[in-house]
Amino acid sequence: MGETPDKYEILQDLMRRRGFAWGSFEIYGGSRGFYDYGPLGATIKRKIERKIREAFQREGFFELETPDITPEKVFIASGHVEKFVDPLVECKKCGARFRADHIVEEALGIDTEGMSAEHLTELIREHGIKCPECGGELGEVWYFNLMFETKIGPYGDQKGYLRPETAQGIFVNFKRLNAFARNKLPFGVFQIGKAYRNEISPRQGMLRLREFTQAEAEIFFNPKEIEHPHFDEVKDEKLRLYPIEHQLKNLGEIELTAEEAVKKGYIMNTFFAYYMVMVKRILLDIGIPEDKIRFRQQLPEERAHYSRDTWDAEIHSERFGWVECVGVANRGDYDLSRHMRESGTDLTVLIHYDEPRIVKHLKVSLNMKRVGPKLKKDAKRINELIQSWDEEKLRNLVEVLERDGRITIEGYELERDDFIIKEVEEKITGEKIVPHVLEPSFGIDRPFYLLLESSLVIEEDRTYLRLKKDMAPIEVAVLPLVAKEPLTSIAYEVFRKLQKKGFIAVYDEKDTVGRRYMRYDEIGTPYCVTIDNQSLEDNTVTIRDRDTREQTRVSIEELPEKLRELIFGE
RNA sequence: GCGGUGGUAGUCUAGCCUGGUCCAGGACACCGGCCUCCCAAGCCGGUAACCCGGGUUCGAAUCCCGGCCACCGCACCA
């Protein structure tokens with residue numbers, strides 16, 4: 001795949017050796033699916049998180065922080081207990097494992113969506129479905145849930161899970177967040193934190209972890225208002241899309257502006273498109289090259305149980321191909337509706353009409369004075385039943401009464417005078433809706449790896465990380481040309497000055513200067529400041545550029561400002 | 001989880017087949033010192049390893065079994 005076959009090994013080695021990242025728990029033999037961030041890696045990871053946080057904040061989103069450990073009820077409501085599972089079946093003969101639903105679907109051509117393990121087992125027995133590998137007999141189907149279980153409290157009576165996504169922490173707080181937003185849609189809330197998935201078989205280094213970091217934003221909006229007010233600001237941004245039908249018909253990717261994508265129906269609305277552009281811009285800001293970013297629309301069978309439509313931002317890896325890094329999902333009202341049902345809490349938002357509407361409608365109730373003695377205990381129940389009827393049903397009732405003078409409800413014959421019928425006028429100021437949710441969900445660990453991979457440059461005489469300058473974990477190295485006084489003292493002072501100005505800086509006098517340049521090139525330090533004999537005469541130093549190796553001379557006085565401009569473009 | 005291959009200092013590796021001469025050799029890196037006024041690999045010195053557990057044997061880096069981890073393929077990846 002890559003032009004340099006061992007680039008991945010070189011990067012893995014570099015990451016371990018220079019303190020970026022490595023497999024966790026090494027001294028005890030390691031554990032798959034867990035990675036440690038070393039000093040330089042942790043710094044880059046924080047910088048990625050910071051870029052995402054700042055981008056969300058620029059949109060006016062609120063940040064939130066909620067627990068990793070979550071009571072079971074939350075995930076029963078969210079559907080994760082039921083749906084975040086794979087039905088597995090094992091061949092009794094060769095031990096191979098398969099997705100039971102896939103096997104049944106393939107053999108019988110039926111939809112197995114939502115089937116129980118027992119049902120699947122039954123179908124396999126009935127139809128004599130055999131192991132696709134060796135033709136052996138298949139065992140019982142069992143569900144494997146990908147969430148880590150835990151017990152809350154000393155008695156182990158409350159079951160909990162480590163959250164498989166940070167999103168639920170936002171949904172369960174919707175009522176408070178909506179109050180905070182003063183009942184005004186749309187608004188966005190984000191959380192940056194850990195999530196956990198007990199992957200059956202983690203592979204591919206840092207790309208499939210059992211514990212990982214997400215930055216998820218949930219944007220709550222009125223499904224009737226799907227034009228983004230600031231779409232104009234992003235409409236000309238080019239997007240590289242790989243829509244469903246292009247995947248199915250092998251038509252390849254298309255590139256068009258956000259505006260065209262909406263007009264031609266590839267993206268459902270400007271609201272969705274706006275956030276896709278936002279995601280792209282964040283990835284660019286982190287330093288992912290534009291030509292390595294595309295949006296692929298998930299096929300229906302790939303989508304999560306809560307998703308109506310999902311576009312993944314994928315980043316191309318020389319090693320692993322296209323890697324899903326950000327999901328932009330339309331979750332509809334799935335989560336809020338489910339939490340509303342399970343918790344009994346009202347999670348609707350009142351949408352005010354421009355002007356209050358006067359609505360005439362029928363109000364029908366039992367005349368309790370009359371029917372009480374007749375219906376006894378059932379009077380109240382039937383009255384409530386009638387109250388729950390909609391306008392159309394009530395009109396039918398009245399019609400029958402006017403015509404026949406009587407009607408039978410639940411076995412009781414009731415007369416016209418048993419009812420109180422009123423035409424009332426009601427002033428309606430608005431409508432309660434369950435907001436819909438658009439979710440841009442960033443993985444942090446994957447872009448971290450892909451940033452390093454795409455930054456790695458292997459040249460004849462050096463290997464270095466051409467990181468975006470403001471992403472470098474060490475921003476500037478201060479080097480006396482040789483380790484001799486007074487160069488060392490001056491260099492140290494310059495170093496301290498830069499540190500105090502807020503740069504992530506190091507001082508280094510060890511080894512020849514060329515060797516030191518290589519050392520800092522390798523970890524992506526964009527600039528080395530060198531103090532030489534001329535510095536003694538005129539208080540100037542040189543700034544050496546990582547990518548071009550060119551040097552320019554500036555006064556010590558101007559150095560911090562100059563570096564700030566070079567690194568942060570300010 | 002299945003099958004294959006592998007696991008020796010920070011990294012790459014020699015040794016393993018043919019057990020003892022290996023308190024494990026080399027290179028690079030790292031640390032201390034010397035030299036050095038601009039792009040790694042000059043000199044001197046130093047630190048540092050047989051994945052874990054069990055077995056066979058007088059004796060195991062070496063042979064056998066189990067585990068863990070890595071890589072590849074299959075399966076899995078809401």
Side-chain angles (χ1 to χ4, degrees), chain A residues 6 8-10 12-19 22-34 38 75 78-91 93-103 113 131-134 143-147 164-165 197-205 207-210 298 300-307 310 319 323-324 327 329 331 441 459-464 479-484 487 509-522 528-536 541-542 544-546 548-551 553:
Chain A
D6 54 349
Y8 177 76
E9 314 308 324
I10 290 171
Q12 287 291 331
D13 175 41
L14 173 61
M15 280 174 31
R16 278 194 297 266
R17 201 162 37 79
R18 299 305 308 270
W22 51 77
S24 300
F25 315 117
E26 274 183 327
I27 66 166
Y28 289 106
S31 181
R32 283 201 292 180
F34 298 96
F75 296 123
S78 71
H80 284 88
V81 168
E82 186 195 346
K83 302 278 189 162
F84 198 53
V85 291
D86 289 330
L88 296 181
V89 63
E90 191 172 273
C91 170
K93 194 172 152 201
C94 71
R97 282 187 179 176
F98 307 93
R99 280 282 293 267
D101 52 341
H102 290 181
I103 281 197
E113 182 72 29
C131 170
E133 288 285 309
C134 72
Y143 271 104
F144 177 73
N145 192 299
L146 266 32
M147 290 191 290
E165 57 170 1
R197 295 175 189 184
N198 199 3
E199 297 286 354
I200 295 170
S201 175
R203 281 280 175 89
Q204 309 176 319
L207 296 188
R208 260 178 76 204
L209 298 176
R210 289 186 162 125
Q298 284 190 1
E301 61 267 30
E302 290 181 282
R303 292 202 288 259
H305 62 270
Y306 50 72
S307 167
T310 297
R319 166 82 181 188
V323 178
E324 170 192 344
R331 295 179 77 132
S441 171
E459 288 177 353
E460 291 256 327
D461 62 338
R462 63 168 178 166
T463 293
Y464 69 109
L479 320 171
L481 192 58
V482 293
K484 281 239 166 71
L487 296 183
E509 60 174 43
K510 194 68 194 155
D511 297 309
T512 64
V513 75
R515 197 177 178 87
R516 279 176 279 165
Y517 289 148
M518 296 303 145
R519 194 140 73 213
Y520 293 100
D521 287 350
E522 194 183 32
C528 289
V529 169
T530 308
I531 287 77
D532 56 19
N533 274 335
Q534 194 182 326
S535 308
L536 306 177
V541 294
T542 61
R544 178 234 184 224
D545 184 285
R546 174 194 67 201
T548 63
R549 307 192 199 193
E550 276 163 15
Q551 289 178 293
R553 194 164 272 278

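We name chains A, B, ... by the order of the sequence lines, and we start the count at 1 in each one.
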Pull out every protein N or O sitting under 3.5 Å from an N or O of nucleotides 30-36 of chain B, one pair per line with the distance.
residue : atom : partner : partner atom : Å
B/C30   : OP2  : A/R515  : NH2          : 3.3

Lys/Arg N to Asp/Glu carboxylate O, A/R210 vs A/E199, below 4.0 Å
no

Between A/E522 and A/R17, is there a salt bridge with N-O shorter than 4.0 Å?
yes

A/L207 CG to A/R319 CZ distance, which is reported to the nearest 0.5 Å:
10.0 Å

Using the P atoms only, state how far B/U13 lies from B/G6, rounded to an integer number of Å.
13 Å

Counting Watson-Crick and G-U wobble pairs only, both distances under 3.5 Å, name the nucleotide matched with B/G66, or none.
B/C52

Between CG of A/L207 and P of B/C71 the distance, given in whole Å, is 11 Å

Determine which nucleotide pairs with B/C23, using a 3.5 Å limit on both distances of a Watson-Crick or G-U wobble pair.
none

Rounded distance in Å between the P positions of B/C76 and B/A29
47 Å

For the pair made of CD in A/E26 and P in B/C68, what is the distance, rounded to whole Å?
18 Å

Is A/D13 touching bases, backbone alone, or none of the nucleic acid, heavy atoms closer than 4.0 Å?
sugar-phosphate

Nearest-angstrom distance, P atom, B/U11 to B/A70:
15 Å

Please give, in whole Å, the distance from B/A40 P to A/E459 CD?
13 Å

The criterion is salt bridge (charged side-chain N to carboxylate O under 4.0 Å, His left out); which residues satisfy it with A/R553, sequence neighbours excluded?
A/D532

Grab the CZ-P distance between A/R208 and B/C71 for me, whole Å please.
12 Å

Counterpart base for B/G1, defined by Watson-Crick or G-U wobble contacts under 3.5 Å:
B/C74

Euclidean distance for P, B/C30 against B/A41 (whole angstrom):
12 Å

Whom does B/C17 pair with, Watson-Crick or G-U wobble, provided both distances fall under 3.5 Å?
none

May I ask you to check if A/R544 and A/Y517 form a cation-pi contact, with NZ or CZ under 6.0 angstrom from the six-membered ring centre and within 45° of the axis?
yes

Rounding to an integer number of angstrom, what distance separates B/A60 and B/C52 when you compare their C1' atoms?
16 Å

Any strand counts, and the cut-off is 3.5 Å on both contacts for Watson-Crick or G-U wobble. Which nucleotide pairs with B/A61?
none

For A/G514, does its backbone N or O pair with a side-chain atom of A/R519 as donor and acceptor, under 3.5 Å?
no

Do any side-chain nitrogens or oxygens of A/R319 fall under 4.0 Å of OP1 or OP2 in B/C71?
no

Return the 5'-most residue of the pair A/R549, A/H305 with respect to RNA chain B, ranking by each residue's nearest nucleotide.
A/R549

Does a side-chain N-to-carboxylate-O contact under 4.0 Å join A/R462 and A/D521?
yes

If the P atom of B/G10 is compared with that of B/A48, how far apart are they to the nearest Å?
11 Å

Any N or O donor-acceptor pair linking the side chain of A/R32 to the base of B/C68 at under 3.5 Å?
no

When rounded to the nearest Å, what value does the distance between C1' atoms of B/G25 and B/C64 take?
28 Å

Sort out the partner of B/G32 for me: Watson-Crick or G-U wobble, both distances under 3.5 Å, none otherwise.
B/C44

Measure CG/A/D461 against P/B/C39 and give the value in whole Å, please.
11 Å

Rounded interatomic separation in angstrom, taking CZ from A/F34 and P from B/C69
10 Å

Taking the same atom, C1', in B/C2 and in B/U57, what whole-Å distance lies between them?
35 Å

Atom CD of A/E522 and atom P of B/A41: how far apart are they, to the nearest Å?
15 Å

Across the strands shown, which category fits A/R516 at heavy-atom distances under 4.0 angstrom: base, sugar-phosphate, nothing?
nothing

Tell me whether the side-chain N or O atoms of A/E199 pair up with the base of B/C76 as donor and acceptor below 3.5 Å, since no angle test is needed here.
no

Just the rounded figure in Å: distance from C1' of B/C12 to CD of A/Q12.
16 Å

Is A/E459 salt-bridged to A/R549, going by a charged N under 4.0 Å from an acidic O?
yes

Got a donor-acceptor contact below 3.5 angstrom from the A/N145 side chain to the A/V81 backbone?
yes

